[in-house]
Number of protein chains: 2
Amino acid sequence: MVKKENLTQKQSNVLKTVYEFIADNSYSPSVRNIAEILGFSSPKGVSDHLAVLEKKGYILKNSSARSIRLTEKSLWHLGVQNPSIKNNVDYLPLLGNIAAGKPIFAEENIQEYIPISSQITGNIKCQFLLTVRGDSMSGDNIIDGDMLIVKAQNTAENGEIVVALIEDDEAVVKRYYKREDEAVELRSSNPLYEPIVIKGSLWIQGKVIAVYRIIP
Amino acid sequence: MVKKENLTQKQSNVLKTVYEFIADNSYSPSVRNIAEILGFSSPKGVSDHLAVLEKKGYILKNSSARSIRLTEKSLWHLGVQNPSIKNNVDYLPLLGNIAAGKPIFAEENIQEYIPISSQITGNIKCQFLLTVRGDSMSGDNIIDGDMLIVKAQNTAENGEIVVALIEDDEAVVKRYYKREDEAVELRSSNPLYEPIVIKGSLWIQGKVIAVYRIIP
DNA sequence: TAAATAGCTATACAAATGTATAGTAAAATA
DNA sequence: TATTTTACTATACATTTGTATAGCTATTTA
């Protein structure tokens with residue numbers, strides 16, 4: 001699930017107002033435009049909000065007038081496309097070290113947003129990118145440094161390649177098999193690695209749908 | 001033919017400056033921004049030009065600051081795309097069976113155009129897509145069905161993975177090595193395949209820069 | 001040839017604009 | 001519980017900004 005808690009409801013409202021103004025007018029609102037729309041009687045309230053939004057990485061501003069630009073992060077937050085871009089790409093967050101306990105989409109996990117052709121994503125939301133560490137899936141020709149496109153979901157079918165969190169460990173990429181005794185086996189495709197058998201807590205984060213690799 | 005006679009050269013320059021500023025900054029230039037770029041010492045010169053451009057239907061303005069919008073007419077005049085549509089994809093042709101003799105980009109070779117993020121292509125033109133057939137490059141974890149992003153070029157450095165045409169055969173994907181006797185070795189990365197040694201005609205078509213695979 | 005238009009410079013100014021100061025109140029956090 | 005953060009109001013102010021006034025020259029049009 002996409003975490004929106006990084007912004008308060010009010011901050012999110014201001015961001016949404018900026019988005020809608022740009023979508024309608026193709027240029028940025030002034031501080032006082034936003035204040036009027038939201039019913040503020042002072043420009044300072046908006047100015048403060050914008051400063052917070054900039055600090056949190058949701059907008060970019062120049063010192064000049066009407067120069068607010070939305071970042072990919074803000075578009076992700078609002079769940080919309082760039083108002084001025086007829087989108088044939090979706091921006092997927094590249095997640096860093098996913099560790100148990102933290103929400104998977106926590107801000108500190110998001111390294112950057114990378115545009116992926118919507119022909120690949122199918123415009124399905126809740127997908128993310130993950131960089132492979134190690135060679136445990138080399139039997140599936142997935143190697144260290146590969147980027148995975150993962151569809152976020154918390155269930156899996158037998159044999160699917162999934163991203164999962166186990167106990168206090170970081171995220172692992174493995175093939176999922178549910179045994180008859182209800183335990184789950186996470187199998188590496190590199191025979192040098194033993195299957196991981198989990199009887200307790202296992203959090204499936206998503207299913208790998210594509211692999212992308214830049215040849216060095 | 002696009003009629004440009006409706007604008008003078010100077011007016012066209014101003015329009016182009018507006019276009020480029022918006023393309024670079026995602027917000028409109030101020031009158032003084034344009035004046036500085038064009039080397040005017042007074043804002044009035046630009047202001048007059050913008051008034052003419054608006055009267056002639058090339059731009060739209062609001063009374064507020066930085067609210068210039070380009071019309072379709074101006075985009076057509078400049079021969080460009082909407083500047084707010086940052087081209088974040090390139091459409092690369094997916095080539096079918098590349099055979100010797102035919103031009104590689106011949107229309108009958110192009111199966112479809114697939115949008116690839118410009119973050120991957122780097123906006124470098126002359127790239128194409130190729131679907132891998134066979135397992136001869138499995139040592140590089142490139143397997144049957146993988147899609148390759150190939151940069152079209154007709155030279156290669158030792159060790160690079162290239163797409164090449166040999167004699168009357170179809171295109172092959174191999175690692176390129178030039179020997180001291182000037183012969184060229186095309187090596188598979190699957191040890192089951194012998195290197196191909198070429199002393200005669202070899203047409204290098206491009207260099208593989210990325211791999212993309214959809215997990216079945 | 002005269003008048004109009006194009007293409008500027010130089011200066012001025014009012015309105016638009018972002019932000020600062022100062023303060024209040026509620027909610028969240030430590 | 002004390003402190004910080006959030007979320008504003010009200011006013012003020014320095015810049016930014018678009019445009020106006022006045023004037024100039026070169027080119028085009030009638």
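Just so we're on the same page: letters track the sequence lines, and every chain starts at 1. All values below come from the heavy atoms of this structure, side chains included, with hydrogens, waters and symmetry mates left out.
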Practice item. Round to a whole Å and report the spacing from CG of A:Asn62 to P of C:dT17. Key: 16 Å
Practice item. Please round to 10 degrees the angle between the axis of the first five pairs and the axis of the last five pairs in the helix from C:dT1-D:dA30 to C:dA30-D:dT1. Key: 40°
Practice item. Evaluate the side-chain proximity of B:Arg66 to A:Ser28: yes if any heavy-atom separation is below 4.5 Å, no if none is. Key: no
Point to revise | Closest-nucleotide ordering on DNA chain C, the 5'-leading residue of B:Ala65 and B:Gln9 | key: B:Gln9
**Study point:** Side chains of B:Asp140 and B:Ser189, donor plus acceptor under 3.5 Å
**Key:** yes
Revision key, fill the gap. Of the candidates D:dA7, C:dT19, C:dC8, the side chain of B:Asp48 sits closest to C:dC8
Check your understanding: Over how many whole Å does the gap from A:Lys61 atom NZ to C:dT17 atom C1' extend?
Key -> 12 Å
Practice item. Return the residues of residues 33-47 of chain A meeting this criterion: a heavy atom under 4.0 Å from some atom of DNA chain C. Order them by number, or give none. Key: A:Pro43, A:Lys44, A:Ser47
Review point. Does anything in residues 24-32 of chain A reach DNA chain C, meaning a heavy atom under 4.0 Å, and if so which residues?
Key: A:Ser30, A:Val31, A:Arg32
Practice item. For A:Gln11 and for A:Ser63, locate the closest nucleotide of DNA chain D by heavy-atom distance; then report the residue assigned to the nucleotide nearer the 5' terminus. Key: A:Gln11
Check your understanding: Can you check the A:Leu50 CG to C:dT19 P distance for me, whole Å?
Key -> 8 Å
Exercise for review: Round to the nearest Å and state the distance from A:Arg66 atom CZ to C:dT19 atom P.
Suggested key: 14 Å
Review point. Between A:Lys10 and C:dA27, is there a side-chain N or O to OP1/OP2 distance below 4.0 Å?
Key: no
Practice item. Answer yes or no: does a side-chain N or O of B:His49 lie under 4.0 Å from OP1 or OP2 of C:dA6? Key: no
Review point. Donor-acceptor pair, A:Asp144 side chain versus A:Gly134 backbone, under 3.5 Å?
Key: yes
Check your understanding: side-chain hydrogen bond (donor to acceptor under 3.5 Å, both in side chains) between A:Asn33 and A:Ser30: does it pass, once the steps are laid out?
Key -> CA-CA 5 Å; A:Asn33 287 148; A:Ser30 70; 3.1 Å; yes
Review point. What orientation do B:Tyr27 and B:Phe21 show, parallel under 30°, tilted 30 to 60°, or perpendicular over 60°?
Key: perpendicular
Review point. Does the B:Glu54 side chain pair with the main chain of B:Lys61, one donor and one acceptor, at a distance under 3.5 Å?
Key: yes
Review point. Looking at B:Val162, B:Asp146, B:Leu148, which hits side chain to side chain contact (heavy atoms under 4.5 Å, CB included) with B:Val173?
Key: B:Leu148
Review point. Any side-chain heavy atom of A:Leu60 within less than 4.5 Å of one from A:Ile68?
Key: no
Practice item. Output yes when a side-chain donor or acceptor of A:Asn13 lies under 3.5 Å from a complementary backbone atom of A:Lys10, and no otherwise. Key: no
Exercise for review: Look up atom CH2 in B:Trp203 and atom CG in B:Leu165, then write down how far apart they are to the nearest 0.5 Å.
Suggested key: 7.5 Å
Review point. Distance from A:Lys174 atom NZ to A:Tyr193 atom OH, nearest 0.5 Å?
Key: 7.5 Å
